[in-house]
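Remarks on the structure that follows.
In what follows, every heavy atom counts, from backbone to side chain, and hydrogens, waters and symmetry copies are set aside. Quick note on labels: first sequence line is chain A, next is B, and so on, each numbered from 1.
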2 protein chains.
Amino acid sequence: MARESVTAKRRTPKAPEDRIRARNEATILRAAVELFARKGFDGTRIAEIAEASGLPKANVYYYFETKEAIYATLIERLLKGWDKALEHIRADREPREAIAAYIAAKLDYSRRHGTESRFFANEIMRGGAFLSKAQRRHMQEITRERVDVVDGWVRDGRLRPLDPRHFFMMLWASTQFYADFAEVAAMTLGKPKLDAADYEAARRTVVDVIVAGCLAAESRP
Amino acid sequence: MARESVTAKRRTPKAPEDRIRARNEATILRAAVELFARKGFDGTRIAEIAEASGLPKANVYYYFETKEAIYATLIERLLKGWDKALEHIRADREPREAIAAYIAAKLDYSRRHGTESRFFANEIMRGGAFLSKAQRRHMQEITRERVDVVDGWVRDGRLRPLDPRHFFMMLWASTQFYADFAEVAAMTLGKPKLDAADYEAARRTVVDVIVAGCLAAESRP
DNA sequence: CAGGAACTTGACATTCTGGTCAGGTTTTGG
DNA sequence: CCAAAACCTGACCAGAATGTCAAGTTCCTG
């Protein structure tokens, strides 16, 4: 049909982006990610998304064929950010710094994009039913590359012998936690909400423990 | 009203438990926890729970007043397991062993009760709206006790200086991960499903890294 | 500035959902 | 074996959800 959400082509490429469409789609997606993150796919009503966007429901349907289309668009977009932090894990870097940088980047993402992070986690927890085969493979490949880097460090004797895949999951878990379970984290700290200082303390703790825990004995200070 | 779900009293205490009621409630809860874990509270239809239980919808309503009642019953039950693993963290134990035992227990729980674990995580991710004030306080207190133990170890110089609360979250995150994101874990390992050996490898990696990462230099081997 | 494309939206049709209920069947204690 | 309690369930309801539409309004381009 004529308009196909983000990838639609209008009669003339015209402006850098169709301002109205771009603005409204952005508004809808912003509202949707929040709701999906909190109530899941099945639990989110289109009427809620519309209300949260300040648009009439029919207008939401004008921009997105179905609820699935909104969800899929978000997945697609989020997936692009997936590998971002992983880029810190490079063979030519010192393990200590690379790992510290990864943790810092991931925690920063958790802080700045908590909602998106939660949305994505939610999708994964449901078994990633919305992920296409290609998307799955992409994630797997990206991860494998970095696993190989860590494995190289282990073989070089720069890291103590450990299973790089499980090590990776520790990194992911420890940082993702601060987005997904920000509530628990705040509760544990006895605060209503996490602030920048809390994230800094988290970073320090995670980096300290993990770096000290994975470096080979001879490279430890 | 007459029947009040689990705590109802029948005319005679009779059998060790009302077999019919006990069996059906258990069936319903088993089906419900699975669905809630996967689709959240709002996303789960009572009709689905009924179908998954193999009972007519009206029968589900016979045992539980509302959907909330089912959910609340599950929360209540799950909360009892919350502190279980934490009991390993005792001041009179050697930190190394206590922490290793905690990790092993938590991972074991993740493996054996993945669904419940996911259900609980889901609830927390949504901000724990269903947790009562008392339940929240309970969790906070339980955590605080154990935080104090870890803090004691730090002050004794048995653990390197670290924020015990963030350290705790690392423990929680690294173990919870294997329940909530079993799918990602399996994907990362390139398997369809995690088996016992995978959990053992996870345990070893997490214990190795965290123990080595938190022990004070002088107590390290 | 005209005309077509893009956008907007109230109202509607259809399907679902949580929850109720009345009238049945089975269990159980005595 | 018999009443009373416990259990079962098809049918039903009111409100809500999704998705459609046709009749408009606004925007852009030639």
Side-chain angles (χ1 to χ4, degrees), chain A residues 1-29 31-32 35-36 38-73, chain B residues 1-29 31-32 35-36 38-74 130:
Chain A
M1 216 163 296
R3 31 211 110 71
E4 283 277 76
S5 120
V6 229
T7 44
K9 283 181 187 81
R10 252 79 52 213
R11 52 181 172 173
T12 320
K14 204 195 59 148
E17 21 67 44
D18 268 31
R19 257 160 342 184
I20 298 180
R21 168 165 288 264
R23 170 166 44 82
N24 282 341
E25 280 181 354
T27 305
I28 293 167
L29 291 174
L35 286 162
F36 282 140
R38 219 175 48 235
K39 338 218 323 179
F41 179 78
D42 292 294
T44 301
R45 320 281 154 209
I46 294 240
E48 288 178 303
I49 297 178
E51 198 184 354
S53 317
L55 296 172
K57 185 164 52 94
N59 208 348
V60 172
Y61 277 105
Y62 175 73
Y63 287 109
F64 295 94
E65 301 271 321
T66 59
K67 192 158 69 156
E68 278 85 353
I70 303 180
Y71 201 82
T73 303
Chain B
M1 214 163 297
R3 30 210 112 71
E4 283 279 75
S5 121
V6 230
T7 45
K9 283 182 186 79
R10 252 80 51 219
R11 54 181 171 175
T12 320
K14 204 198 58 152
E17 20 66 42
D18 269 31
R19 261 169 330 196
I20 297 179
R21 167 166 289 265
R23 171 166 43 84
N24 282 341
E25 280 181 355
T27 305
I28 293 166
L29 290 174
L35 286 162
F36 282 140
R38 219 173 49 233
K39 337 217 326 179
F41 180 78
D42 291 298
T44 302
R45 324 279 156 211
I46 296 240
E48 288 177 304
I49 297 178
E51 198 184 353
S53 317
L55 296 172
K57 183 162 58 95
N59 207 350
V60 172
Y61 275 103
Y62 175 73
Y63 287 108
F64 295 94
E65 301 272 321
T66 59
K67 191 158 73 156
E68 277 86 353
I70 303 181
Y71 201 83
T73 303
L74 286 170
F130 266 87

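Of the residues in residues 51-61 of chain B, P56(B), A58(B), N59(B) come within less than 4.0 Å of DNA chain D through at least one heavy atom, sorted by number.
A52(B) pairs by the side-chain contact (heavy atoms from CB on, under 4.5 Å) definition with A31(B), L35(B), not counting sequence neighbours. Listed by chain and number, the residues in a side-chain contact (heavy atoms from CB on, under 4.5 Å) with E51(A) amount to none (sequence neighbours excluded). Residues satisfying the salt bridge (Lys or Arg N to Asp or Glu O under 4.0 Å) test with K67(A), not counting sequence neighbours, are none. Residues passing the side-chain contact (heavy atoms from CB on, under 4.5 Å) test with T27(B) are R23(B), R30(B), S53(B), sequence neighbours excluded. F41(B) is linked by a ring pair (Phe, Tyr, Trp, His ring centres under 6.0 Å) to F36(B), Y71(B), F130(B), counting only residues two or more places apart in sequence or in another chain. Under the side-chain hydrogen bond (donor to acceptor under 3.5 Å, both in side chains) criterion, K39(A) pairs with E48(A), not counting sequence neighbours. With sequence neighbours left out, the salt bridge (Lys or Arg N to Asp or Glu O under 4.0 Å) criterion links R38(B) to E34(B).
Rounded to an integer number of Å, the gap from CZ of R45(A) to P of dG15(D) is 18 Å.
Across the helix from dC1(C)-dG30(D) to dG30(C)-dC1(D), the helix axis at one end is tilted relative to the axis at the other end by 30° (nearest 10 degrees, each axis from five pairs).
OP1 and OP2 of dT20(C) both lie 4.0 Å or more from every side-chain N or O belonging to Y62(B). Note on N24(B): a side-chain N or O is less than 4.0 Å away from OP1 or OP2 of dC8(D).
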